[in-house]
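Beneath this line is the structure, given in structure tokens, with notes to follow.
In this text, all values refer to a predicted model and were calculated from it rather than measured experimentally. To find a chain, count down the sequence lines: A is the first, B the second, and so on, and within it residues start at 1.
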Amino acid sequence: MKTLSFLLAALLASATLAQDIPYREYEPFERYEPLVSGDLTLSGTYQYWKDPANLDYRLAGNPDENWKLNWKFMDPPFNQAVHGGHFAVDRGERLFKQLDVYGNFASCLSERTGSQQNLRAGYPRWRADLGHVAGLEEVIEHCGAKQGRVLQNGSYDNSAISLYLASLGNGQPINIDVSAGPMKEAYDRGRRLFHTKAGAFNFACASCHTHNIGKRLRGNVITTIYGDAAHYPVYRTQYMLQSLQLRFAECNLDTRTQPLRPGSQPYTDLEVFVTALTNGYPISVPAERDW
Amino acid sequence: MRLLLAGLALLLATPVWCAEIPSDAGVSDGKTMAPQIIVNSGRLEWAPYKRDFTRWLTLSYQDRRATPEPTRFAMKLPLAGDKARGKALAWEWCITCHTLPGDEWPGNVGSPMVHYKQYKHADPLIFQQIFDPRIFNPNTVMPAFGTFGLLAEQDIRDLVAYLQSIE
């Protein structure tokens with residue numbers, strides 16, 4: 001009997017041990033404010049790009065300084081060139097109108113309020129029907145599927161609809177509340193993931209976007225993560241249309257880390273964290289990016 | 001009988017393999033895939049990536065694999081490194097962060113390597129920095145090239161020989 005209980009105890013111990021997280025390393029944590037002006041203490045570049053209408057184009061013309069503008073010179077109204085992002089907005093509008101003939105696509109996306117203008121600024125958010133926090137692109141896939149339409153998260157058509165909806169909210173500040181409940185939990189998980197080292201090089205997102213902002217990786221200069229969410233999805237010549245979560249996948253691949261699928265919980269948690277750091281910054285789409 | 005044994009071994013091996021690669025990773029047939037955007041399509045395609053990363057930790061919550069811990073490596077002298085080969089390796093692995101002589105796009109995440117010879121560091125010390133710099137600085141961003149299996153012992157000896165030769 002004694003041996004039996006000993007065996008049982010050993011089994012239980014090994015079971016709980018298996019629950020423990022194996023050895024992990026984290027970049028040193030920083031204090032982040034879930035508000036775009038928090039960048040003042042992170043990279044200090046906020047002063048240069050906080051006012052989209054008044055960017056100093058001389059900084060943009062200097063490759064050693066344009067990181068201070070955090071790509072905002074590639075956003076409207078500064079960048080007035082017609083590029084692939086504009087075609088994507090048009091395509092997104094057509095697809096949206098096809099799907100919304102009876103108004104049920106919009107009511108699905110907005111959980112019945114019917115408002116389309118406020119969608120980009122308010123996502124990711126808790127979705128009771130899904131039982132978790134979801135990004136706008138995941139919800140576009142979900143609401144399309146209800147009508148038998150395939151709009152996979154990260155696909156061109158999905159991002160085009162997302163970009164069209166973002167364009168309706170142009171000028172509106174991003175505004176997600178991460179102060180309590182499931183949104184706070186997602187934010188905290190995302191912040192931890194941002195600092196978790198992974199992959200062949202043992203890099204965390206923070207290895208670059210927190211601790212080496214403004215430094216050069218040969219031809220690439222690293223920018224702050226604050227303010228990014230307000231211009232996604234972006235047009236890229238190489239990737240056509242890139243959602244925020246596909247940008248995570250690209251950074252993962254670039255740093256020899258196996259990427260995850262868009263819509264996966266870790267990427268959505270990262271999106272909540274990154275979006276919260278854009279709170280208060282106005283949506284400006286369609287934006288363009290280098291290569 | 002032999003086939004049966006091989007089958008059994010496979011059966012036993014599969015669950016381990018599945019448990020390692022998380023299901024939310026962009027992997028198919030055990031290989032790293034990259035997302036491909038198809039214009040005017042509602043589908044996201046995935047194509048095999050030029051490199052495979054499935055053996056290293058991902059950001060998935062299902063990933064139960066451990067990060068390789070900081071490791072010491074006592075390099076035995078003499079160095080016996082080939083500096084020409086070391087230079088080629090440095091241009092492949094180190095140049096993104098460190099400025100090397102002759103680079104027009106100098107990286108500055110790491111310290112500059114021009115005139116490196118002047119520091120007169122001991123070979124085993126530089127070897128350890130490349131093998132696993134976490135021994136000196138647990139918060140370093142420099143990868144642990146030896147511990148993570150990216151470079152072999154001779155590769156690192158060649159890199160040390162190259163760095164020690166930079167006038």
### Message
Checking the side chain of A:N252 only, and the main-chain atoms of A:T257 only, is there a donor and an acceptor separated by less than 3.5 Å?
### Response
no

### Query
Is it the backbone or the side chain of A:I161 that comes under 4.5 Å from a heavy atom of chain B, or both, or neither?
neither

### Message
Heavy-atom pairs under 4.5 Å with chain A: which of B:N40, B:V39, B:L150 has the most?
### Response
B:N40

#### Entry: Salt bridge B:R85-B:D155, side-chain N to carboxylate O under 4.0 Å
yes

### Task
Name the option with the most non-hydrogen atom pairs under 4.5 Å to chain A; the candidates are B:F145, B:W56, B:Y61, B:W46.
B:Y61

### Query
Under 4.0 Å between a Lys/Arg side-chain N and an Asp/Glu carboxylate O for B:R134 and A:E25?
yes

### Message
Under a 4.0 Å threshold between the charged nitrogen and the carboxylate oxygen, would B:K31 count as salt-bridged to B:D29?
### Response
no

### Task
Determine if the SG-SG distance between A:C251 and A:C208 falls under 2.5 Å.
no

### Message
Looking only at heavy atoms and a cut-off of under 4.5 Å, which of A:A88, A:A249, A:G144, A:P28 has the most pairs with chain B?
### Response
A:P28

### Query
Out of A:R149, A:K197, A:H211, which one racks up the most heavy-atom pairs below 4.5 Å with chain B?
A:K197

### Message
Using 30° and 60° as the class boundaries, would you call the ring planes of B:H121 and B:Y116 parallel, tilted or perpendicular?
### Response
tilted

### Main-chain N/O of A:L99 paired with A:Q147 side-chain donor or acceptor, under 3.5 Å
yes

## Note on the structure
Counting heavy-atom pairs under 4.5 Å with chain B, the top scorer among A:M240, A:Q242, A:K215 is A:K215

### Query
With no hydrogens and no angle check, do the side chains of B:D123 and B:Q164 hold a donor and an acceptor under 3.5 Å apart?
yes

#### Entry: When A:Y267, A:Y156, A:Y26, A:F87 are compared by non-hydrogen pairs under 4.5 Å with chain B, the top option
A:Y156

### Query
Under a 4.5 Å heavy-atom cut-off, does chain B meet the side chain of A:F201, its backbone, both or neither?
both

### Message
Which atoms of A:N153 are under 4.5 Å from chain B, going by heavy atoms: the side chain, the backbone, both sets, or neither?
### Response
backbone

### Task
Establish, from distance only, whether the side-chain atoms of A:E137 and A:Q245 form a donor-acceptor pair under 3.5 Å.
no

### Query
What option among B:Q36, B:R51, B:E45 has the most heavy-atom pairs under 4.5 Å with chain A?
B:R51

### Task
Identify which of B:I95, B:T99, B:T54 forms the greatest number of heavy-atom pairs closer than 4.5 Å to chain A.
B:I95

### Query
Among side-chain atoms of B:D132 and B:T147, is any donor-acceptor pair under 3.5 angstrom?
yes

### Message
Counting only non-hydrogen atoms closer than 4.5 Å, can you tell me which residues of residues 186-196 of chain A sit against chain B?
### Response
A:R189, A:L193, A:T196

### chain B contact via A:Q265 - side chain, backbone, both or neither, heavy atoms under 4.5 Å
both

### Message
So for B:P106, is it side chain, backbone, both, or neither that comes closer than 4.5 Å to the heavy atoms of chain A?
### Response
both

### Query
Who wins among B:S60, B:G26, B:G107, B:P138 for the most heavy-atom pairs under 4.5 Å with chain A?
B:G26

### Query
Looking at A:S207, A:P22, A:A200, which one has more heavy-atom pairs under 4.5 Å with chain B than the rest?
A:A200

### Task
Let me know if A:R91 has heavy atoms under 4.5 Å from chain B in its side chain, its backbone, both or neither.
side chain

### Task
Go through A:L217, A:L151, A:N158, A:L253 and name the one with the most non-hydrogen pairs under 4.5 angstrom from chain B.
A:L253

#### Entry: Distance-only donor-acceptor check, side chains A:Q258 and B:T58, under 3.5 Å
no

### Message
Heavy-atom pairs under 4.5 Å with chain A: which of B:A66, B:G110, B:S41 has the most?
### Response
B:S41

